[in-house]
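Sharing a structure with you now.
Keep in mind that this is a model prediction, so the values were computed, not measured.
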Amino acid sequence: MIVRRKSGARESSDVQIHSDLVETLFGTAGSFFAGLLGGLIAPALAWLILGDSIYLYFVGLIAVLGAFRLYVFFAHAHAPVSLRRRDSKEWERLYAIGAVGFMTAVGASVAVLFYYHYNDVLGIYSIVIMMSGLSGLAGRNAGRPWIVLAQSLGLALPLAIAAMMHEERRYFGLAIIVVLLIVSIHSTTKFLHGNLESALRNGLDASRQRQKFSLALNSMTHGLCMGDADLSVTVVNRRVFDFFGIVAATTPIRLEALAHSIGKSAGLSPRETQIFIERWKRHVATPHANVFTHKLGERFFEFHCERAEADSFITVIEDVTIQKRALREIERMAHFDDLTNLPNRYQFQDTLQQELVQLRERGFQAALLNVDLDRFKEVNDTLGHSIGDQLLSAVGARLAACVPDPHVVARLGGDEFCVLLRAGRDLPDVDELAANILSEMHRTFIIENHVINIGASIGIATAPKDSETSEGLLKCADLALYRSKADGRGRALWYSKKMQDALTRKRAIDTELRHAFTTNELVVYYQPVVDSRTATIVSLEALLRWRHPIRGMISPSEFIPIAEETGMIIELGAWALRQACMEAKSWPANVRVAVNIAPRQFQQKDLAAGIAKILDESGLEPDRLELEITETTLMESDGVDSKLREIEALGVRLSLDDFGTGYSSLGYLNRFPVKKVKIDRSFARQAIESPKTQAIISAISSLAQDLSIDLVAEGVETDAQLAFMASKHIYLIQGYLYTRPRPIEELRPLLDNWRDAPRLVSAA
């Protein structure tokens, strides 16, 4: 393919050169007309002097051929250049016919005159005309050497032949001179033709190079200015004029004038224009390559300046508006949240850090409000993330409306927002602002016709009182927020040192608890459930205890919530279940073991499989194991029905713990395969003095009897409470009246016969 393109280019070049060479044939009008007149002189004089009619015929023939040549000359002159160049071969043929024919007629007339009627005058005329004709051929027709050769032969060869045939042998030398002259003219013509063609080719190549350079220059996506050391611009491509909407200027032009036109077109003020001019001149004068960016109108341009030879300069101009806007968008995305268009965590922390620097330097104070939405997860789970995203956007708008300038609202991620009350000598009323935010968050949101009610919790910290660093202040606000949620949500709490102490304590407990688990500091205690009619133990509830080597027994209320929060409850719960089943295997067959299942445990997908494995390892009969589950566990878990059915299929009994403290207790009794219900201990404490509590206990007892569900009263501590429960037909009792939780070693003797246990008879 490359070879063909080169061949095609060569052919095109040859055609163009041929056209140019043919054009040279018609380029010397003066010598052309002189040659026509000179050709008529010899035969005309011979006719006038000798009176021989043959010369008159020569005059007529030469005149006709001269007229033909004039016709071709004038036709060529009036033809369009494009057609002349297209038909160059035809014009060459017509020119050759006239030129060769004319010279041959002149040469024949000279030869006849020399041979038949030679005298001194006519001989001189004939030789001079022939010589003058030959001398002009090479210069005028060098573009086509073959025409010159044909003309030379037509003009001089007849005379050479006549001289050779003349009876006087002295003219033989003339014939030789004429032949040598023809050879010389042909050689000169070839030399001139070579130079002419070379010049034309060089000119064509130069023209093409200029065209290519111009095409390349004006096809550049960048603007280009080139100039001399005196700051005169000699080259400006079209892109410069397109960039700035200026009129193309004739080069050379002063750099200052070009810059002034650009500034004026971009709408710069005189002052701004002068700044731009001086900046460009300064960068052009810099000896090393450099770049500067300047905003012209609504667009940004980069000027790449570099010095060249002889202190000339080059400036390449690039429109970088898209890149600049992209960088700004990237910067915006890096610093602002997409959903709410509020500052993100990165931007907020940077702003907070700057504020705290001012705070330290000027003795100001600042406040930070950490705002976290309540029940947002429910919106995502029930309505989908698209609605959740729109809700976050609406929350951001409301928060921004609550907080006046110059204070800052940011989204830190998820459903967590922050408000920074900027450093000042006096802060706004923080409590009033927090109350306003809580009110706005509790106000109903309407998203795609969905009525959404959420809420918010707020943690508040101040600087420098609570912390002088951004990390510390955020941490304090987080602790206050955590406490706000733990205390029931929907409120704003200020950070206090006690919160940090509690966190430190919690972390210490978590660390020590993990250590305790590996060093066998955890033990299982049991509290009996007693049939008060016979004073016999029907089941033992397994309760986890921590026997600390230094602090002694640590309350479950202190470490169980931490284990729940960290997820360690899964390991602890599995260990307690296994330990209880292993120990219960040796108890009397009529005594069951009850084990609590924490919410995090119940959320495990393989819960039933894990229980089955423990039963298999311990050898305990499934119907002797009771799993106690709270209403909270049922409310917060997924796939409750299937999990409970899988557990029931194992033969394990299910017990509902802390009954009466939730919102859907009766629904749970109807929905789930519950075998036992344990009335929360709060009912036992209030049973003697509260008629309402008595009525509730009575209703629960009747319901349990109708459903054939075992009913256990927790927290029974007095004989009076025991008697009341018996009056309501509740005989399964658990509480301090019988015993506190104790190790199995202390309870084992009571499993067969508990002689001194409280009985209904003694209670009565």
Hydrogens and angles aside, do Asn436 and Glu432 bring a side-chain donor and acceptor to less than 3.5 Å of each other?
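Distance-only check fails for Asn436 and Glu432.
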
Any side-chain to backbone donor/acceptor pair from Ser690 onto Ala687? Under 3.5 Å, distance only.
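No: the side chain of Ser690 does not pair with the backbone of Ala687.
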
Ignoring hydrogens and angles, write down the donor-acceptor pairs under 3.5 Å from the side chains of residues 561-575, residues two or more places apart or on other chains.
from	atom 1	to	atom 2	distance (Å)
Glu565	OE1	Tyr482	OH	2.7
Glu565	OE1	Lys506	NZ	3.3
Glu565	OE2	Lys506	NZ	3.0
Thr566	OG1	Ile562	O	3.1
Thr566	OG1	Ala563	O	3.4
Thr566	OG1	Met568	N	3.4

What's the separation between atom CD1 in Ile730 and atom CG in Leu722, rounded to the nearest 0.5 Å?
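Interatomic distance, Ile730 CD1 to Leu722 CG, rounded to 0.5 Å: 11.0 Å.
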
Rounded distance [0.5 Å steps], OG in Ser393 versus CG in Leu342:
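The distance works out to 8.5 Å.
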
CG-CG distance between Leu654 and Leu625, expressed to the nearest 0.5 angstrom
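Leu654 CG to Leu625 CG: 9.5 Å, rounded to 0.5 Å.
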
Which atom names give the shortest non-hydrogen contact between Leu433 and Cys402, and what distance separates them?
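Closest heavy-atom pair between Leu433 and Cys402: CD1-O, 3.5 Å.
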
Is the shortest side-chain heavy-atom distance between Gln527 and Tyr738 below 4.5 Å?
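Sidechains of Tyr738 and Gln527: no contact.
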
Min side-chain heavy-atom separation Lys676-Ser539 under 4.5 Å:
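Sidechains of Ser539 and Lys676: in contact.
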
Look up atom SG in Cys418 and atom CG in Leu368, then write down how far apart they are to the nearest 0.5 Å.
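Going from SG on Cys418 over to CG on Leu368, the span is 4.5 Å.
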
Could you give me the CA-CA distance, side-chain angles and deciding distance for Val419 and Ile458, then say whether side chain to side chain contact (heavy atoms under 4.5 Å, CB included) is met?
CA-CA 10 Å; Val419 177; Ile458 300 176; over 6 Å; no

Donor-acceptor contact present, side-chain Gln734 to main-chain Val530, <3.5 Å:
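Answer holds: no.
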
Taking only residues two or more places apart in sequence, or in another chain, which ones meet Arg624 in a salt bridge (charged side-chain N to carboxylate O under 4.0 Å, His left out)?
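Arg624: salt bridge (charged side-chain N to carboxylate O under 4.0 Å, His left out) contacts with Glu621.
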
Can you confirm if the NZ or CZ of Arg740 lies within 45° of the ring axis of Tyr736 and under 6.0 Å from the centre of its six-membered ring?
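Geometry flag: set, cation within 6.0 Å and 45°.
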
Decide yes or no for Lys692 and Gln686: does some side-chain heavy atom of the first lie under 4.5 Å from some side-chain heavy atom of the second?
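Side chain of Lys692 against side chain of Gln686, heavy atoms only: no contact under 4.5 Å found.
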
Is it true that Lys675 and Glu626 have a side-chain N and a carboxylate O under 4.0 angstrom from each other?
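No, Lys675 and Glu626 are not salt-bridged.
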
Is the closest side-chain heavy-atom distance between Leu711 and Leu732 below 4.5 Å?
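They are not in side-chain contact.
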
Do Thr462 and Val430 come close enough that some side-chain heavy atom pair is under 4.5 Å?
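The answer is no, as the side chains (C-beta and beyond) never meet within the 4.5 Å cut-off.
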
Say you draw a straight line from OG of Ser457 to CG of Asp372; how long is it, rounded to the nearest 0.5 Å?
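Atom-to-atom, Ser457:OG and Asp372:CG are 7.0 Å apart.
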
CA sep, side-chain torsions, deciding dist, call: Ile452, Ile387, side chain to side chain contact (heavy atoms under 4.5 Å, CB included)
CA-CA 10 Å; Ile452 301 174; Ile387 300 298; 3.8 Å; yes

Keeping Ser701 on the side-chain end and Ile697 on the backbone end, is there a donor-acceptor pair under 3.5 Å?
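Flag not set: sc Ser701 to bb Ile697 has no pair under 3.5 Å.
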
How far apart are the closest heavy atoms of Val403 and His407, and which atoms are they?
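Minimum heavy-atom contact is CG1-CB, 3.5 Å.
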
Taking all atoms of both residues into account, what is the closest heavy-atom pair of Trp546 and Leu513, and its distance?
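Minimum heavy-atom contact is CH2-N, 3.5 Å.
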
Partners passing ring pair (Phe, Tyr, Trp, His ring centres under 6.0 Å) against Phe417 (at least two apart in sequence or in another chain)
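Testing Phe417 for ring pair (Phe, Tyr, Trp, His ring centres under 6.0 Å), a comparison that skips the adjacent residues, returns none.
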
So, do Arg645 and Ser642 sit near enough that their side-chain heavy atoms are less than 4.5 Å apart?
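In short, these two side chains do not touch, never coming nearer than 4.5 Å.
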
Shortest non-hydrogen contact between Glu628 and Ala594, atoms and distance
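In this case the closest contact between Glu628 and Ala594 is OE2-CB, 3.4 Å.
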
Indicate the ring-plane relationship of Tyr731 and His729, choosing parallel, tilted or perpendicular according to the 30° and 60° boundaries.
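If you compare the ring of Tyr731 with that of His729, the planes turn out perpendicular.
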
With Asp478 via salt bridge (charged side-chain N to carboxylate O under 4.0 Å, His left out) - residues at least two apart
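Salt bridge (charged side-chain N to carboxylate O under 4.0 Å, His left out) list for Asp478, sorted by chain: empty.
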
Donor-acceptor contact present, side-chain Glu717 to main-chain Leu737, <3.5 Å
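Side chain of Glu717 to backbone of Leu737: no pair is present.
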
For Trp494, all residues meeting ring pair (Phe, Tyr, Trp, His ring centres under 6.0 Å), sequence neighbours excluded
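Here no residue qualifies.
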
What pair of heavy atoms forms the shortest contact from Arg592 to Arg653, and how long is it?
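What the structure gives for the nearest pair is NE-CD, 3.3 Å.
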
Minimal non-hydrogen separation, Leu650 against Ala612, with atom names
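Looks like CD2-CB, 3.9 Å.
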
Taking the side chain as every heavy atom from C-beta outward, state whether Ile554 and Ile509 have any atom pair closer than 4.5 Å.
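SC-SC contact between Ile554 and Ile509 ruled out.
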
Tell me whether the count of non-hydrogen atoms from other residues, nucleotides or ligands lying under 6.0 Å of CZ in Arg551 goes above 12.
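Yes, enclosed.
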
If we ignore angles and hydrogens, is there a donor and acceptor under 3.5 Å between the side chains of Gln347 and Asp337?
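Gln347 vs Asp337: no donor-acceptor pair found between side chains.
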
Check the pair Leu399 / Thr340 against side chain to side chain contact (heavy atoms under 4.5 Å, CB included), numbers first and verdict last.
CA-CA 10 Å; Leu399 275 176; Thr340 62; over 6 Å; no

Has Glu378 got a side-chain atom pairing as donor or acceptor with Arg375's backbone, closer than 3.5 angstrom?
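No.
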
Sequence neighbours excluded, which residues qualify as side-chain contact (heavy atoms from CB on, under 4.5 Å) partners of Arg545?
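With neighbours one apart ignored, the set is Val523, Tyr525, Leu543, Met553, Pro556, Pro741.
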
Is the shortest heavy-atom distance from the side chain of Gln365 to the side chain of Leu421 under 4.5 Å?
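A side-chain contact is absent here, since even the closest heavy-atom pair is not under 4.5 Å.
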
Is there any ring-ring contact (aromatic ring centres under 6.0 Å, His included) pair reaching into residues 439-464, and which pairs are they, with sequence neighbours excluded?
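Qualifying pairs, neighbours excluded: none.
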
Kindly write out the residues that satisfy salt bridge (charged side-chain N to carboxylate O under 4.0 Å, His left out) with Glu471, not counting sequence neighbours, or none if the list is empty.
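By the salt bridge (charged side-chain N to carboxylate O under 4.0 Å, His left out) rule, Glu471 matches no residue at all.
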
Backbone N or O of Gln500 within a donor-acceptor pair of the Thr504 side chain at under 3.5 Å?
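Present.
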
Can you see whether Thr630 engages Asp657 through a side-chain donor-acceptor pair at a distance of less than 3.5 angstrom?
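No, because no side-chain N or O of Thr630 sits under 3.5 Å from a partner of the opposite role on Asp657.
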
When rounded to the nearest 0.5 angstrom, what distance separates CD1 in Ile679 from CE in Met725?
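Ile679 atom CD1 to Met725 atom CE measures 6.0 Å (nearest 0.5 Å).
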
For Glu646, what residues pass the side-chain contact (heavy atoms from CB on, under 4.5 Å) criterion, not counting sequence neighbours?
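Partners of Glu646 by the side-chain contact (heavy atoms from CB on, under 4.5 Å) criterion, ordered by chain and then number, come out as Ala608.
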
Ion pair check, Arg514 and Asp510, cut-off under 4.0 Å
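Yes, this pair counts.
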
With sequence neighbours left out, what residues match Asp466 under salt bridge (charged side-chain N to carboxylate O under 4.0 Å, His left out)?
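With neighbours one apart ignored, the set is empty.
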
All side-chain contact (heavy atoms from CB on, under 4.5 Å) counterparts of Asp381, not counting sequence neighbours:
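Only Lys377 meet the side-chain contact (heavy atoms from CB on, under 4.5 Å) criterion with Asp381.
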
If the condition is side-chain contact (heavy atoms from CB on, under 4.5 Å), which residues does Arg443 pass it with, not counting sequence neighbours?
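Listed in chain order: Arg398, Glu440.
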
Working note: Ile447 + Val379, criterion side chain to side chain contact (heavy atoms under 4.5 Å, CB included); need CA distance, chi angles, decisive distance, verdict.
CA-CA 11 Å; Ile447 307 293; Val379 176; over 6 Å; no

